[in-house]
Visitor: 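I'd like to ask some things about the structure below.
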Amino acid sequence: MQLEIRPDPEEVGRARKWARSRLAGLGIAADEPLAETLILLVSELVTNAVVHTGRPALLRLSLPGGAPAPVPAGADPVASVTVRLEVADASSRAPVPRCAGRDATGGRGLALVDCLADRWGWSPEGAGKSIWCELDRCSQPREGAAPAYGVQPAAYEDLLFEAF
């Protein structure tokens, strides 16, 4: 499943809405932690593509490995789903995580991706690149990688991230 993104900041909202509808089609409720996290990651990666390249991008959502494994009787049929999110853009510049200062208004996107995704990375794609991340529906919250970016976990206390 993919969605073409125009180089317009308003596209971020359209990308979130599109991703929510695809997750609902998989039986993943909008208030489920996986959906909430994925929508935040869509916001971050699409925003990065739109803001930093000023060019069209492509948002992809997929379930790796084709058809899901057989589900044991009585088990939740989507309990072990892994959702892969990719944003491809026309810039060949590698994504570079930054250490944002306490008062900075940006520069935390890749740190959030690193903390929230079960796996993430990037690769060249055509003349540009693709940044991807994966979320496992059953995974437990990770002890984040925030310290790797110079941020102590206490910096996130009492904060609530909500994707619209």
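All values below were derived from every heavy atom in this structure, side-chain atoms included, with hydrogens, water molecules and symmetry-related copies excluded.
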Visitor: Going through the checks in order, is the side-chain contact (heavy atoms from CB on, under 4.5 Å) test met by S43 and R16?
Guide: CA-CA 7 Å; S43 289; R16 287 191 300 258; 2.9 Å; yes
Visitor: Any donor-acceptor pair under 3.5 Å linking the side chain of D136 with the backbone of T82?
Guide: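 It does not hold such a pair.
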Visitor: Hey, could you give me the CG/CD1 distance between L23 and I39, rounded to the nearest 0.5 Å?
Guide: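 With rounding to 0.5 Å, CG (L23) is 5.5 Å from CD1 (I39).
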Visitor: Tell me, please, which residues at least two apart from D103 pass side chain to side chain contact (heavy atoms under 4.5 Å, CB included).
Guide: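 Result, side chain to side chain contact (heavy atoms under 4.5 Å, CB included) vs D103: none returned.
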Visitor: Considering the options T53, V46, T47, which one meets the side-chain contact (heavy atoms from CB on, under 4.5 Å) requirement together with V50?
Guide: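 Result for side-chain contact (heavy atoms from CB on, under 4.5 Å) with V50: V46.
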Visitor: If you take all heavy atoms of C133 and A117, which pair is closest and at what distance?
Guide: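 In terms of heavy atoms, the two residues are closest at CB-CB, 3.7 Å.
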Visitor: Using the rule given for side-chain contact (heavy atoms from CB on, under 4.5 Å), can you reason through L110 versus W120, listing the C-alpha separation, both sets of side-chain angles and the distance that settles it, and then say yes or no?
Guide: CA-CA 10 Å; L110 289 177; W120 79 277; 4.0 Å; yes
Visitor: Could you tell me the separation between the CD atom of E134 and the CZ atom of R119, rounded to the nearest 0.5 Å?
Guide: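 If I round to the nearest 0.5 Å, the distance is 4.5 Å.
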Visitor: Name all residues meeting the side chain to side chain donor-acceptor pair (under 3.5 Å) criterion together with E125; count only those two or more places apart in sequence or in a different chain, and write none if there are none.
Guide: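 In terms of side chain to side chain donor-acceptor pair (under 3.5 Å), with neighbours along the sequence ignored, E125 is linked to R60.
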Visitor: Which pairs pass salt bridge (Lys or Arg N to Asp or Glu O under 4.0 Å) with one or both residues in residues 47-56, sequence neighbours excluded?
Guide: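 Residue pairs passing salt bridge (Lys or Arg N to Asp or Glu O under 4.0 Å), neighbours aside: none found.
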Visitor: Do V51 and W122 share a hydrophobic cluster (ILVMFWY, side-chain heavy atoms under 4.5 Å, transitive)?
Guide: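 No, because V51 and W122 fall into different hydrophobic clusters, even though each may have its own neighbours under 4.5 Å.
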Visitor: Where do L85 and I131 land on the side-chain contact (heavy atoms from CB on, under 4.5 Å) test, with the steps shown first?
Guide: CA-CA 8 Å; L85 160 66; I131 301 176; over 6 Å; no
Visitor: Please enumerate all residues that pass side chain to side chain donor-acceptor pair (under 3.5 Å) together with R14, with sequence neighbours excluded.
Guide: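 For R14, the residues satisfying side chain to side chain donor-acceptor pair (under 3.5 Å) (neighbours in sequence not counted) are E11.
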Visitor: Does W132 belong to the same Ile/Leu/Val/Met/Phe/Trp/Tyr cluster as L38, with side-chain heavy atoms less than 4.5 Å apart forming each link?
Guide: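 Hydrophobic grouping puts W132 apart from L38.
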Visitor: Output all residues satisfying side chain to side chain contact (heavy atoms under 4.5 Å, CB included) with A49, sequence neighbours left out; order by chain, then residue number.
Guide: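 A49: side chain to side chain contact (heavy atoms under 4.5 Å, CB included) contacts with A57, V87, D89.
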Visitor: Taking atom CG of L116 and atom CD of E44, what is their separation to the nearest 0.5 Å?
Guide: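 Rounded to the nearest 0.5 Å, the CG-CD separation comes out at 8.5 Å.
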Visitor: Nearest 0.5 Å, what's the CG-CG distance between L61 and L3?
Guide: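 Reported value, rounded in 0.5 Å steps: 9.0 Å.
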Visitor: Return the set of residues passing side chain to side chain contact (heavy atoms under 4.5 Å, CB included) with S21 (not counting sequence neighbours), or none when no residue passes.
Guide: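 With sequence neighbours excluded, S21 shows a side chain to side chain contact (heavy atoms under 4.5 Å, CB included) to no residue whatsoever.
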Visitor: Indicate yes or no for a side-chain donor-acceptor contact from K129 to the backbone of S91 under 3.5 Å, with no hydrogens or angles considered.
Guide: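 Confirmed, K129 side chain pairs with S91 backbone.
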Visitor: Is any side-chain heavy atom of V83 less than 4.5 Å from a side-chain heavy atom of L34?
Guide: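 Yes, at least one pair of side-chain atoms sits under 4.5 Å.
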Visitor: What's the spacing between L41 CG and L135 CG if we round to 0.5 Å?
Guide: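 L41 CG to L135 CG: 5.5 Å, rounded to 0.5 Å.
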Visitor: Spell out, yes or no, whether L40 and V42 are grouped together once hydrophobic residues are joined by side-chain heavy atoms under 4.5 Å, including indirect joins.
Guide: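 Yes: a chain of side-chain contacts under 4.5 Å links L40 to V42.
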Visitor: Check side chain to side chain donor-acceptor pair (under 3.5 Å) between S130 and all other residues, then give those that pass, not counting sequence neighbours.
Guide: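 For S130 the side chain to side chain donor-acceptor pair (under 3.5 Å) partners, ignoring immediate neighbours, are E86.
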Visitor: Can you find a heavy atom in the side chain of P56 that is under 4.5 Å from one in the side chain of E4?
Guide: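 Of all side-chain heavy-atom pairs linking E4 with P56, none is under 4.5 Å.
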